[in-house]
Amino acid sequence: MSMYFITHKEFDAPQEPGYRTLLVGAFRGHTAGDCYDDTGDSISEKNPNYCELTGLYWLWKNSTDDYIGINHYRRYFSRSFSGAQPLPEKEVRRLLDQYDAVLPFPGNTIPKGASVRQHYCAESGTGRDLDRVRAILKDRCPEYVWAFDVVMASHKMYFFNMLIMKKPLFDEYCAWLFDILFTLEPKLDLTEYNDYQKRVFGFLAERLLNVWVLQKDLNVAEVGVYNTENDWGRAKQILTGLKRVLRYPGFPV
């Protein structure tokens with residue numbers, strides 16, 4: 001079993017047995033990490049647009065672990081929101097004996113009262129990408145369209161692209177996810193996006209994980225996520241929410 005801290009830079013990784021550090025965007029240089037997303041079958045060069053998904057892809061194509069856990073350099077699964085130690089391997093195994101997947105506690109969308117679709121629009125400035133994703137689902141896997149519509153209208157979701165699954169289920173999710181994203185990619189003109197919006201595939205994957213979990217009717221263990229930024233991280237989240245309210249009054253769709 002392996003749990004991974006996905007990072008794009010050096011950081012002070014918690015010392016916990018069974019955990020490794022995976023450097024994403026490693027095509028720029030192997031500056032940190034135990035593993036690198038530019039080895040083997042990889043899409044490391046897509047990191048500016050795919051974010052941590054280049055690490056997800058690398059694990060899908062190159063890992064032979066029985067279990068895969070995705071954490072981030074500043075967020076990781078813990079027993080509670082205030083727990084500074086990562087989830088121990090023994091606890092991960094216990095959870096996966098009882099549940100299909102381990103995911104973060106679902107969070108409310110920002111601004112308060114926004115739907116998942118409206119929240120995405122506040123981040124990206126457009127709902128066209130969501131409409132394109134829905135069209136791809138309708139064409140390639142129409143059984144997921146109902147779950148997509150339910151998730152888009154809801155007010156909570158699993159954030160952060162964090163998950164823990166047994167490898168066969170992880171592989172199934174990745175095959176589904178990347179088929180959608182690779183189908184979408186040539187339809188987008190990223191020159192129309194600012195630097196933040198160019199992370200579009202990472203943003204979409206956050207929503208699509210929720211769609212996949214709902215359609216598959218997975219038995220999910222919801223676990224706390226520890227944010228190493230603590231109060232400053234929460235303050236930034238509040239400030240970001242306020243900026244969205246000012247920029248997108250009325251929650252454009």
query: Can we call the ring centroids of Phe148 and Tyr144 under 6.0 Å apart?
result: no
message: Looking at Arg134 and Asp149, is any side-chain nitrogen of the basic one under 4.0 Å from a carboxylate oxygen of the acidic one?
response: yes
query: In terms of side-chain geometry, is the basic nitrogen of Asp97 or Arg93 positioned less than 4.0 Å from the acidic oxygen of its partner?
result: no
- prompt: Checking ring-ring contact (aromatic ring centres under 6.0 Å, His included) against Phe5, which of Tyr73, Phe77, Tyr19 comes through?
  reply: Tyr19
task: Answer with yes or no after comparing the ring centroid distance for His72 and Phe11 against a 6.0 Å cut-off, counting only values under it.
output: no
query: In terms of ring plane angle, is the pair Tyr50 and Phe182 parallel, tilted or perpendicular, where the classes change at 30° and 60°?
result: tilted
- prompt: Roughly how far, to the nearest 0.5 Å, is the CZ atom of Arg94 from the NZ atom of Lys90?
  reply: 10.0 Å
query: Looking at Tyr173 versus Trp60, is the centre-to-centre ring distance below 6.0 Å?
result: no
Selection residues 180-191 - residue pairs positive for salt bridge (Lys or Arg N to Asp or Glu O under 4.0 Å), sequence neighbours left out: Lys46-Glu185
query: So do Leu87 and Ser78 actually touch side chain to side chain, heavy atoms under 4.5 Å?
result: no
field: side chain to side chain contact (heavy atoms under 4.5 Å, CB included) assessment of Tyr99 paired with Leu218
entry: CA-CA 8 Å; Tyr99 297 92; Leu218 297 186; over 6 Å; no
- prompt: Below 4.0 angstrom, N of the basic side chain to O of the carboxylate: do Asp129 and Arg132 qualify?
  reply: yes
task: Please lay out, stage by stage, how Ser63 and Trp58 fare under the test side chain to side chain donor-acceptor pair (under 3.5 Å).
output: CA-CA 7 Å; Ser63 172; Trp58 186 85; over 6 Å; no
query: Asp38 side chain to Glu45 main-chain N or O, any donor-acceptor pair under 3.5 Å?
result: no
field: Presence of salt bridge, Asp179 and Arg140, under 4.0 angstrom
entry: yes
- prompt: Hey, do the aromatic rings of Tyr196 and Phe203 have their centres closer than 6.0 Å?
  reply: yes
- request: Would you please indicate yes or no on a ring centroid separation below 6.0 angstrom for Phe178 and Tyr57?
  value: yes
